[in-house]
Number of protein chains: 2
Amino acid sequence: MPAQPGTADAALKLEEFLPYRLNVCANIVSTALSRIYAERYSIGVPEWRVLVTLGQFGMMTAKAIGIHSHMHKTKVSRAVAMLERRKLVVRRANRDDLREAFLSLTPAGRDIYSDLAPSALEFARQLMEIVEPADRAALGRALNKLIEHAALIASDIAKGGNPG
Amino acid sequence: MPAQPGTADAALKLEEFLPYRLNVCANIVSTALSRIYAERYSIGVPEWRVLVTLGQFGMMTAKAIGIHSHMHKTKVSRAVAMLERRKLVVRRANRDDLREAFLSLTPAGRDIYSDLAPSALEFARQLMEIVEPADRAALGRALNKLIEHAALIASDIAKGGNPG
DNA sequence: ACAAATTAGTTGCCATTGAAACCATGGTCA
DNA sequence: TGACCATGGTTTCAATGGCAACTAATTTGT
């Protein structure tokens, strides 16, 4: 009966579907956060992540930044290039391996960082206040687990499973 | 002391920063899910959402799909266009308002939907199993709250707050 | 010591996407 | 009725982002 929607199975409802809700949530939050820095410093998410990562660790390679911030190397490369043009980041050669270079914030970059970090923390604080106090720790644990294990979910599902 | 990273404030750590973790989590989950349908049907996320939405409601306008699935109208337009080319969706004129049109799945579209929906539900089930049973309800509540209220977080933060 | 494989990072290319302009229709108000 | 505004949807344009190819430097294996 193709005319009767949602009868096929245990009813797939988009608005209750976890992957979808995670996406929507992440987008809304990300958009709200970016309002804090986007126009103010004319940077986007990748640049913000590079700034924060360098602010946190002081000096590291592009590769390390990419790993720490879950960004593709081309994204890191371009973000760093733009921060370098703006004199917010400097590149220092590594004499022991000339393929890579050590990146760090300039004083100007650090100024922006110390202006931006408190705002970000304040944003995160207000964000957490939205969640019921009793649910906060659970949210953190759930995200940890999902980040760690979601990639491993059997793609066997694809192969036309559930015959029963 | 600009040489000492992470001293500025209560230490902003990217890997603990909620907006960042939501993004990472959503991406990982989304990528894993798309492995189930991407190559199999040669569709992307927007097309998947349109299919699922039409499967759920049977018949609706592009605008309604956009609202229900949190998608920009251009995204919906293009996704529908491609599903139409593939004869998975049909467009029927609304005689009472020729600006809009009613969209619904063709039999072929419904075939794909009834193949795809159980896989999606199974995926969501396995995903939830990753989360500790005691944390599952909390995760759901937290996402609801965040989706509903995160957009409203004061952008006053941007205006150079915390002077103290 | 040298060829082959590996790695850090950049660049060219193409697909995706959102904003803004646009088109066609419908509603409003005089 | 006709001028204006609003709305559903498509298209154009510019920005973004990922893949693959590339360069330069390092490591490995013989």
Side-chain angles (χ1 to χ4, degrees), chain A residues 23-24 26-28 30-32 34-35 37-39 41-50 53-54 59-85 89-104 151, chain B residues 23-24 26-28 30-32 34-35 37-39 41-50 53-54 57 59-86 89-104 151:
Chain A
N23 248 307
V24 170
N27 280 337
I28 291 175
S30 194
T31 301
S34 77
R35 277 205 209 96
Y37 59 77
E39 17 56 89
Y41 302 117
S42 309
I43 62 176
V45 177
E47 291 79 19
W48 186 88
R49 284 190 185 175
V50 169
T53 304
L54 287 178
M59 178 184 275
M60 58 201 313
T61 68
K63 164 143 212 176
I65 293 175
I67 291 170
H68 183 72
S69 63
H70 266 262
M71 287 200 293
H72 194 272
K73 62 179 179 173
T74 60
K75 230 185 201 172
V76 177
S77 175
R78 292 191 256 243
V80 166
M82 108 94 113
L83 293 173
E84 230 185 328
R85 273 195 301 278
V89 159
V90 275
R91 180 187 308 255
R92 177 176 327 200
N94 173 11
R95 296 186 155 257
D96 293 345
D97 187 343
L98 293 176
R99 287 171 306 182
E100 64 185 18
F102 295 128
L103 302 165
S104 52
Chain B
N23 247 307
V24 170
N27 280 338
I28 292 175
S30 195
T31 301
S34 77
R35 277 205 208 95
Y37 59 76
E39 16 56 269
Y41 302 117
S42 309
I43 61 176
V45 176
E47 291 79 19
W48 186 87
R49 285 191 186 174
V50 169
T53 304
L54 287 178
F57 292 104
M59 178 184 276
M60 59 200 315
T61 67
K63 163 145 213 172
I65 293 175
I67 291 171
H68 183 71
S69 63
H70 265 262
M71 288 200 293
H72 194 272
K73 64 180 180 173
T74 61
K75 230 182 199 172
V76 176
S77 175
R78 292 190 259 242
V80 166
M82 108 92 113
L83 293 173
E84 229 185 327
R85 274 195 301 277
R86 296 244 218 123
V89 159
V90 274
R91 178 187 309 255
R92 177 176 327 200
N94 174 10
R95 296 185 154 257
D96 292 347
D97 186 343
L98 294 176
R99 289 171 304 180
E100 65 185 17
F102 295 127
L103 302 164
S104 51

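On a predicted model such as this, the values are computed, not experimentally measured, just so you know. In what follows, chains carry the letters A, B, and so on, assigned in the order in which the sequence lines appear, proteins first and then strands, with residues in each chain numbered from 1.
One can place CZ of B/R49 at 14 Å from C1' of C/dT16, the figure rounded to the nearest angstrom. Rounded to whole Å, the distance from CG on B/N94 to C1' on C/dA24 is 14 Å. In this structure, CG of A/L103 is placed 10 Å from C1' of C/dG9, rounded to the nearest angstrom. Atom CE of A/M82 is separated from atom C1' of D/dT16 by 12 Å (rounded to the nearest Å). To the nearest angstrom, C1' of D/dA25 lies 7 Å from CG of A/D97. Remark: P of C/dA8 and CZ of A/R95 are 21 Å apart, rounded to the nearest angstrom. Straight-line distance from the CD atom of A/E100 to the C1' atom of C/dG9: 10 Å, rounded to whole Å. The distance between atom CD1 of B/I67 and atom P of D/dG8, rounded to the nearest whole Å, is 8 Å.
Contact of the B/T53 side chain with the B/M71 side chain is not registered, since no non-hydrogen atoms from C-beta on lie closer than 4.5 Å. Under the 4.5 Å side-chain criterion, counting only non-hydrogen atoms from C-beta, B/S42 is in contact with B/R86. Contact annotation: the side chain of B/N27 never approaches that of A/H70 to less than 4.5 Å [non-hydrogen atoms, C-beta and beyond].
The side chain of B/R91 places an N or O atom within less than 4.0 Å of a non-bridging phosphate oxygen (OP1 or OP2) of D/dT10.
Heavy-atom distances under 4.0 Å link DNA chain D to A/H72, A/T74, A/K75, A/R78 of residues 68-81 of chain A, given in residue order.
The side chain of A/L98 lies closest to D/dT26 when the candidates are C/dG9, D/dA6, D/dT26. Nearest nucleotide to the A/P46 side chain, out of D/dA25, C/dA24, D/dG17: D/dG17.
A salt bridge links A/E84 with A/R91: at least one charged nitrogen is closer than 4.0 Å to a carboxylate oxygen.
Taking the six-membered ring where tryptophan is involved, the planes of B/F57 and B/H68 are perpendicular, since the angle between them exceeds 60° and thus also 30°.
The backbone N or O of A/K73 lies less than 3.5 Å from no partner atom in the side chain of A/S77, so there is not a single donor-acceptor pair.
Taken from CZ in A/R99 to NZ in A/K63, the straight-line distance is 9.5 Å, to the nearest 0.5 Å.
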